[in-house]
Amino acid sequence: MPKNPERRFVILDRDGTIIEEREYLSDPEQVMLIPGVGAALRKLRRMGLGLVMITNQSGIGRGFFDQVELERVHERLKQLLDREGVHLDGLYICPHKPDDGCGCRKPRLGLLQRAAKDLGFSLERALIIGDKPSDMEMGRVAGGTTILVRTGYGSQTEKASVADFVVDDLGGAAASIRSLLRKKATTTQPS
């Protein structure tokens with residue numbers, strides 16, 4: 001795949017952003033897309049955007065479930081997204097506990113940097129969508145555009161958020177991104 005630093009990527013959190021929030025999710029049968037996610041992701045694709053999911057999964061580090069169980073959960077997620085006509089360009093996971101001091105756990109940039117290197121995009125052009133302060137902080141440190149969704153924990157953390165945009169759900173995020181891209185297109189066209 002050719003590397004194109006001009007292509008923009010949407011960086012998506014998993015729990016509370018794409019799927020319903022479940023504490024330490026390890027059962028594939030409990031994977032449920034948040035209503036409207038499929039349509040929103042299709043809209044983002046039609047805008048020419050890449051889609052990457054970055055997720056902290058400390059349940060592995062805590063011993064609540066293992067990599068095989070997590071892979072089953074992600075296989076179920078992939079099946080649900082396939083039914084919606086959507087695929088992800090990348091899936092990046094941090095299995096560590098918060099106090100492990102790794103460089104890959106959000107809000108640190110390790111996984112985002114790896115995705116950018118693998119897929120050839122610029123961190124500053126990334127559009128980061130999530131429901132937690134760690135998502136917004138990761139996006140802010142990377143220099144990207146941050147969008148807090150009120151699904152999951154977003155409504156609880158909204159007041160403390162420093163997001164560029166706050167929206168109800170992924171559909172609202174897609175609409176904000178469309179407006180942002182249109183605005184940039186009109187300001188960069190020669191007069």
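- Taking hydrophobic clusters as Ile, Leu, Val, Met, Phe, Trp and Tyr residues chained together by side-chain heavy-atom distances below 4.5 Å, Leu123 does not share a cluster with Leu51.
- Considering only heavy atoms from C-beta on, Ile19 comes within 4.5 Å of Leu77 through its side chain.
- Under a hydrophobic clustering in which Ile, Leu, Val, Met, Phe, Trp and Tyr are joined whenever their side-chain heavy atoms come within less than 4.5 Å, directly or via other members, Leu148 and Leu127 fall into different clusters.
- The closest side-chain heavy-atom distance from Lys117 to Arg114 is not below 4.5 Å.
- When every heavy atom of Cys94 is checked against every heavy atom of Leu111, the shortest pair comes out as N-CD1, 3.5 Å.
- With hydrogens and angles left out, the side-chain atoms of Asp164 and Thr146 include a donor and acceptor closer than 3.5 Å.
- Taking 4.5 Å as the limit, some side-chain heavy atom of Leu112 sits within range of a side-chain heavy atom of Met138.
- A chain of hydrophobic side-chain contacts below 4.5 Å, direct or via other Ile, Leu, Val, Met, Phe, Trp or Tyr residues, connects Val37 to Val149.
- Between the side chain of Arg108 and the backbone N or O of Cys102 there is at least one donor-acceptor pair closer than 3.5 Å.
- Minimum interatomic distance between Leu88 and Met53 (heavy atoms only, all atoms of both residues): CD1-CB, 4.0 Å.
- Asp99 is linked by a salt bridge (Lys or Arg N to Asp or Glu O under 4.0 Å) to nothing, counting only residues two or more places apart in sequence or in another chain.
- Atom CD of Glu84 and atom CG of Leu33 lie 6.0 Å apart (nearest 0.5 Å).
- Inter-residue side-chain proximity for Tyr92 and Thr55 is flagged as unmet; no heavy-atom pair is nearer than 4.5 Å.
- Residues Ile54 and Leu91 fail the side-chain proximity criterion, which asks for heavy atoms closer than 4.5 Å.
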(Q) Checking Lys106 against Asp135 for the salt bridge (Lys or Arg N to Asp or Glu O under 4.0 Å) test, could you report, in this order, the C-alpha distance in whole Å, the side-chain angles of both residues, the deciding distance, and whether it holds? (A) CA-CA 7 Å; Lys106 292 184 289 184; Asp135 301 311; 2.7 Å; yes

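- Side-chain atoms of Asp27 come within 3.5 Å of backbone N or O of Glu29 as a donor-acceptor pair.
- Contact of the Thr145 side chain with the Ile128 side chain is not registered, since no non-hydrogen atoms from C-beta on lie closer than 4.5 Å.
- Note that CD of Glu124 is 10.5 Å distant from CZ of Arg8, once rounded to the nearest 0.5 Å.
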Q.
What verdict does the salt bridge (Lys or Arg N to Asp or Glu O under 4.0 Å) test give for Arg45 and Asp89, after you've listed the backbone C-alpha separation in whole Å, the side-chain angles of each residue and the deciding distance to 0.1 Å?
A. CA-CA 11 Å; Arg45 277 282 185 211; Asp89 294 293; 2.9 Å; yes

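- Residues Glu69 and Ile60 are not in side-chain contact: their nearest non-hydrogen atoms beyond the backbone lie 4.5 Å or more apart.
- Rounded to the nearest 0.5 Å, atoms CG (Asn56) and CD1 (Ile93) are 10.5 Å apart.
- A donor-acceptor pair under 3.5 Å links the side-chain atoms of Asp131 to the main chain of Tyr153, judged by distance alone.
- The two residues Lys97 and Ser58 come nearest to each other via the heavy atoms CA-CB, 4.0 Å.
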Please list every donor-acceptor pair under 3.5 Å in which a side-chain atom of residues 165-178 meets a protein atom from a residue at least two apart or in another chain.
from	atom 1	to	atom 2	distance (Å)
Asp168	OD1	Arg150	NH1	2.6
Asp169	OD1	Gly171	N	3.2
Asp169	OD1	Gly172	N	2.9
Ser176	OG	Gly172	O	3.2

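- Minimum heavy-atom separation, Val52 to Ala115: CG1-CB, 4.1 Å.
- A continuous path of ILVMFWY side-chain contacts below 4.5 Å connects Met47 to Ile147, so both sit in one hydrophobic cluster.
- A heavy-atom distance below 4.5 Å is found between the side chains of Gln79 and Arg76.
- Considering every non-hydrogen atom in both Met32 and Arg22, the closest pair reads CG-NH2, 3.6 Å.
- Leu70 is connected to Ile18 through a chain of hydrophobic side-chain contacts under 4.5 Å among Ile, Leu, Val, Met, Phe, Trp and Tyr, so both are in one cluster.
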Q: Starting from the C-alpha separation in whole Å, work towards a yes-or-no answer on side-chain contact (heavy atoms from CB on, under 4.5 Å) for Val73 and Arg14.
A: CA-CA 11 Å; Val73 164; Arg14 188 188 86 172; 3.6 Å; yes

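- Counting heavy-atom neighbours within 6.0 Å of Arg62 CZ, excluding the residue itself, gives a total above 12.
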Q | Glu75/Arg72 under side-chain contact (heavy atoms from CB on, under 4.5 Å): CA gap, chis, key distance, verdict | A | CA-CA 5 Å; Glu75 182 57 35; Arg72 286 188 195 125; 5.5 Å; no

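- Closest approach of Ile129 to Val10, counting heavy atoms only: CD1-CG1, 3.5 Å.
- For the residue pair Gln57 and Asp15, a side-chain donor N or O sits within less than 3.5 Å of a side-chain acceptor on the partner.
- Phe9 carries Arg7 over the face of its six-membered ring, with the cationic atom under 6.0 Å from the centre and within 45° of the normal.
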Q: Test Lys132 against Glu21 for salt bridge (Lys or Arg N to Asp or Glu O under 4.0 Å), laying out the working first.
A: CA-CA 12 Å; Lys132 296 175 194 74; Glu21 183 70 43; 3.7 Å; yes

